[in-house]
Each structure stands twice: as C-alpha cells, then as structure tokens.
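The block underneath contains the structure these notes are about, expressed in structure tokens.
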Amino acid sequence: MRDYFTEIIDNLEKQKAIYEKILEYSREMQGAIIDDAALKVSELTVKEQTNLKELIKLEKERTLTSDEYAKSIGIEPTKCTIQTLIENADGHIAQRLTRIWHEMQRIFREQKQINDANDGLIRTHLQYIGYMINVVAGEGVAGNTYGTPSDKNTGKVSKLFDTTV
C-alpha cells in the first residue's frame with residue numbers, strides 16, 4: 001500500500017527548507033534596502049523567485065498526493081487539510097506532521113513581519129526619492145528654504161532646473 005504520509009511529510013520538509021531560505025533572503029534584503037544596495041536587492045529577488053518556482057512545483061505534488069489520500073479514505077479532496085492528516089495519522093507520524101506545521105506557521109509569521117518591514121522601508125525610500133525629485137525639479141515645493149525672508153514669503157516655487165518647455 002502507498003505510504004501517503006511519508007510522501008507528504010517529505011514534501012513538507014522540502015517546502016519548509018525552501019521557506020527558510022526565502023526567509024533568510026528576506027532578512028538579507030532588509031539590510032540591502034537599508035544600505036540602498038539596489039543590485040543586492042535585485043539579486044535576492046531573483047533567488048526568491050527561483051525558490052518560489054520550486055515551491056509551486058512541490059505544492060502541486062503535495063496537493064496531488066493529498067487528493068489521492070483523501071479519495072482513498074472516502075473524503076472530498078478539498079476537505080483534506082493538515083488537520084485531517086494529523087487526525088488520521090498514527091502517533092509518530094501525527095507528531096511529525098504537527099511539528100512541521102508549527103514550524104511552517106512560525107516561518108510564515110516571521111516572513112510576514114519581515115515583508116511588512118521591507119515594504120515600509122521601500123515606501124520610505126520611494127517617498128524620499130519623490131521628494132528629492134520635486135526639490136530638484138521645483139515641482140510643487142513652495143518657498144525657498146535657504147533664501148532671504150522676503151523670498152520665503154512670495155510663495156513662489158524654487159527651481160534648481162528649469163523644467164518649462
């Protein structure tokens with residue numbers, strides 16, 4: 001008889017290892033964003049994408065195995081969750097599935113936190129870049145920070161470059 005549980009556990013272990021790699025890349029990305037190292041961010045993004053492709057492949061395999069297991073025990077494949085597997089597994093196998101599931105939940109929580117932080121850092125960088133472009137081009141930046149008080153009161157836009165056509 002086919003050992004569905006071993007196949008699923010092996011697959012989940014491989015997925016967990018990849019998620020851990022992606023988490024490490026995200027940590028590195030955070031440092032690269034802070035250091036304003038665009039090339040490093042790009043390299044890490046490529047690594048993440050490569051690992052995500054592998055995850056998609058593994059998840060398809062896991063889904064097929066889970067669906068086949070569900071059919072073998074007479075339940076609808078869409079109703080076969082990790083909890084279903086744990087409930088139907090023997091002691092040691094149930095413990096392994098539970099451990100893997102808890103580890104993956106921890107990784108997902110940490111990944112979300114890092115992604116949120118990285119998103120905030122990127123947004124801050126983009127706002128700063130937009131502000132600096134506006135300062136240099138004189139688009140919508142009123143007043144003259146370093147001018148005389150009479151210059152500040154005019155409300156005219158200060159321009160480093162003439163952008164009119």
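For the single chain, residues carry numbers from 1 onward in sequence order.
Two different hydrophobic clusters hold Ile122 and Tyr131 under the rule that ILVMFWY side chains link at heavy-atom gaps under 4.5 Å. Linking Ile, Leu, Val, Met, Phe, Trp and Tyr residues whenever their side-chain heavy atoms come within less than 4.5 Å leaves Ile56 and Ile18 in two separate clusters. Residues Ile22 and Leu44 are members of separate hydrophobic clusters, defined by side-chain heavy-atom contacts under 4.5 angstrom among Ile, Leu, Val, Met, Phe, Trp and Tyr. One hydrophobic cluster, built from ILVMFWY side chains closer than 4.5 Å, cannot hold both Leu23 and Val46; they sit in different ones. Clustering ILVMFWY residues whenever any of their side-chain heavy atoms sit less than 4.5 angstrom apart, transitively, puts Leu64 in a cluster other than the one holding Ile75.
Closest heavy-atom contact between Ala70 and Pro77: CB-CA, 3.7 Å. For the pair Phe5 and Leu85, the tightest heavy-atom approach, listed with the atom from each and the gap, is CE2-O, 3.4 Å. Closest approach of Asn11 to Gln15, counting heavy atoms only: OD1-NE2, 2.6 Å.
In this structure, Asp3 contributes its side chain and Thr6 its backbone to a donor-acceptor pair below 3.5 Å. The closest donor-acceptor contact from the side chain of His125 to the backbone of Ile33 lies under 3.5 Å.
Taking CG of Asp10 as the reference point, atom CZ of Arg62 lies at 13.5 Å (rounded to 0.5 Å). Between the CD1 atom of Ile114 and the CD atom of Glu24 there is a distance of 8.5 Å, given to the nearest 0.5 Å. In this structure, Glu61 CD and Ile8 CD1 are separated by 12.0 Å, a value rounded to the nearest 0.5 Å. Taking CD1 from Ile100 and NZ from Lys16, the interatomic distance works out to 7.0 Å, rounded to the nearest 0.5 Å. Rounding to the nearest 0.5 angstrom, the gap separating the CG atom in Leu58 from the NZ atom in Lys53 is 14.5 Å. One distance of note links OH of Tyr69 with CD of Glu7; it measures 12.5 Å at 0.5 Å rounding.
Remark: Asp90 CG is loosely packed, at most 12 non-hydrogen atoms of other residues, nucleotides or ligands lying under 6.0 Å away. Atom NZ of Lys21 sits in a sparse spot, with 12 or fewer heavy atoms from other residues, nucleotides or ligands closer than 6.0 Å.
In terms of the ring pair (Phe, Tyr, Trp, His ring centres under 6.0 Å) criterion, Tyr25 has no residue partners (sequence neighbours excluded).
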For this session: Mind running side chain to side chain contact (heavy atoms under 4.5 Å, CB included) on Leu55 and Leu52 for me, showing each step along the way?
Result: CA-CA 5 Å; Leu55 275 173; Leu52 286 172; 4.0 Å; yes

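When only modelled atom types and interatomic distance are considered, Asn115 and Gln111 share a side-chain donor-acceptor pair under 3.5 Å. Under 3.5 Å, the side chains of Thr81 and Thr84 contain a donor-acceptor pair of N or O atoms.
Within the 4.5 Å cutoff, no side-chain heavy atoms of Glu110 are placed close to those of Glu20. Asp67 is not listed as a side-chain neighbour of Cys80, based on a closest heavy-atom distance of 4.5 Å or more.
Residue pairs that meet the side chain to side chain donor-acceptor pair (under 3.5 Å) test with at least one member in residues 41-52, sequence neighbours left out, are Ser26-Glu48.
The one candidate from Gln105, Arg99, Arg106 that meets the side-chain hydrogen bond (donor to acceptor under 3.5 Å, both in side chains) condition with Glu103 is Arg99.
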